[in-house]
Amino acid sequence: MGHGGDVINELTTDHREVDDLFQQIEQAMPGSAERKQLADQLTIELVRHSVAEEEYLYPAVRKHLQEGDALADKEIADHARVEELLKDLEGLNADDPEFNHVIVKLRTEVQAHVRDEEHNLFVQLRDACTPGDLERLGDKIRTAKKLAPTRPHPSAPSTPPGNKLLAPGAGLVDRARDFVTGRGK
């Protein structure tokens with residue numbers, strides 16, 4: 001969940017972890033409890049990552065990059081599509097035929113988003129920000145991930161100040177639910 005380094009290193013490491021979770025899901029026995037557990041872990045990681053980006057990365061993109069508003073809006077729209085798929089996945093058992101369809105759609109959306117961030121947004125951000133700015137942003141992202149929700153909340157605000165006000169409370173409730181149910185272990 002927290003890897004250290006600047007924001008680009010932090011988020012790129014998250015991307016590799018998500019890639020690994022998709023591979024583990026693909027390799028797990030279809031319909032198995034392991035597949036559902038891996039999907040839950042994937043959901044937790046994607047939600048934390050998205051919330052942290054929406055709280056800190058995209059405001060920095062708006063501030064530092066030319067056409068930053070358009071870039072941030074596009075990334076937030078990507079997140080909304082992913083969050084809807086995560087909400088769909090949350091209600092499915094691994095033996096449901098729709099489970100595999102949602103995983104494929106989710107992987108396609110996430111891979112496109114990651115490619116765009118890593119090949120476009122991160123390159124521009126590294127050029128526009130000082131190393132110190134990127135380090136401080138990485139620290140903020142790590143802190144946000146610790147407090148972020150672990151379940152999809154598609155109707156929650158995705159931009160400040162609403163997201164910064166509501167995410168920690170939703171995160172607390174989600175983590176309590178996860179503890180009681182054993183989800184994410």
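Note that the coordinates shown come from a computational prediction; the quantities given were computed from them, not determined experimentally.
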Practice task
Go through the steps to decide whether Q41 and E45 satisfy the test side-chain hydrogen bond (donor to acceptor under 3.5 Å, both in side chains), and finish with yes or no.
Solution key: CA-CA 6 Å; Q41 190 61 43; E45 295 307 318; 2.9 Å; yes
Practice task
Please lay out, stage by stage, how R48 and D14 fare under the test salt bridge (charged side-chain N to carboxylate O under 4.0 Å, His left out).
Solution key: CA-CA 10 Å; R48 286 177 175 165; D14 285 355; over 6 Å; no
Practice task
Give the C-alpha distance, both sets of side-chain angles, the deciding distance and a yes or no for side-chain contact (heavy atoms from CB on, under 4.5 Å) between L57 and E117.
Solution key: CA-CA 11 Å; L57 178 67; E117 273 191 348; 4.1 Å; yes
Handout entry: Stepwise side-chain contact (heavy atoms from CB on, under 4.5 Å) check, F99 with N93
Key = CA-CA 7 Å; F99 184 91; N93 291 319; over 6 Å; no
Practice task
Start with the C-alpha distance between L106 and L42, add both sets of side-chain angles, then the distance that settles side-chain contact (heavy atoms from CB on, under 4.5 Å), and finish with yes or no.
Solution key: CA-CA 10 Å; L106 182 62; L42 176 70; 3.8 Å; yes
Practice task
Run the numbers on L121 and E75 for side-chain contact (heavy atoms from CB on, under 4.5 Å), then give the verdict.
Solution key: CA-CA 9 Å; L121 191 132; E75 300 298 329; 3.9 Å; yes
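At least one side-chain heavy atom of F22 sits under 4.5 Å from a side-chain heavy atom of V110. Within the 4.5 Å cutoff, side-chain heavy atoms of K74 are placed close to those of D116. Inter-residue side-chain proximity for V51 and V47 is flagged as met; some heavy-atom pair is nearer than 4.5 Å. For the pair H79 and H113, the minimum side-chain heavy-atom distance is below 4.5 Å. Taking the side chain as every heavy atom from C-beta outward, L11 and F122 approach each other to under 4.5 Å. In this structure the side chain of D6 reaches within 4.5 angstrom of the side chain of R126, judged on heavy atoms. For the pair Q124 and H64, the minimum side-chain heavy-atom distance is 4.5 Å or more. The side-chain heavy atoms of R35 and M29, taken from C-beta on, include no pair separated by under 4.5 Å.
A salt bridge does not link D139 with R136: none of the charged nitrogens is closer than 4.0 Å to a carboxylate oxygen. Classification of K87 and E84 as a salt-bridged pair fails, no side-chain N sitting under 4.0 Å from a carboxylate O.
Side-chain N/O atoms of T12 and N9 include no donor and acceptor closer than 3.5 Å. Side-chain atoms of D19 and Q23 form no donor-acceptor pair, as typed in the model, at a separation below 3.5 Å.
In this structure, the separation between OG on S32 and CD1 on I25 is 10.0 Å, given to the nearest 0.5 Å. Atom CG of D88 and atom CD1 of I103 lie 11.0 Å apart (nearest 0.5 Å). Atom CD1 of I44 sits about 13.5 Å away from atom NZ of K145, to the nearest 0.5 Å.
Counting all heavy atoms, side chain and backbone alike, A28 lies closest to L38 at CB-CD1, 4.1 Å. What you find for V61 and A72 is that their closest heavy atoms are CG1-N, 4.2 Å. Among all heavy-atom pairs drawn from L89 and A39, the shortest one is CD2-CB, 4.0 Å.
Residue pairs meeting the salt bridge (Lys or Arg N to Asp or Glu O under 4.0 Å) criterion with at least one member in residues 96-113, sequence neighbours excluded, are E26-R107, R81-E109. Pairs of residues two or more places apart, or lying in two chains, never qualify as ring-ring contact (aromatic ring centres under 6.0 Å, His included) while including a residue from residues 124-149. Among pairs with a residue in residues 28-53, those fulfilling ring-ring contact (aromatic ring centres under 6.0 Å, His included) read H15-H49, at least two apart in sequence or across chains.
In this structure E118 satisfies the salt bridge (Lys or Arg N to Asp or Glu O under 4.0 Å) test together with R16, sequence neighbours excluded. Considering only residues two or more places apart in sequence or on other chains, K140 meets the salt bridge (Lys or Arg N to Asp or Glu O under 4.0 Å) condition with none of them. Shown here are the salt bridge (Lys or Arg N to Asp or Glu O under 4.0 Å) partners of E135, two or more places apart in sequence or in another chain: there are none.
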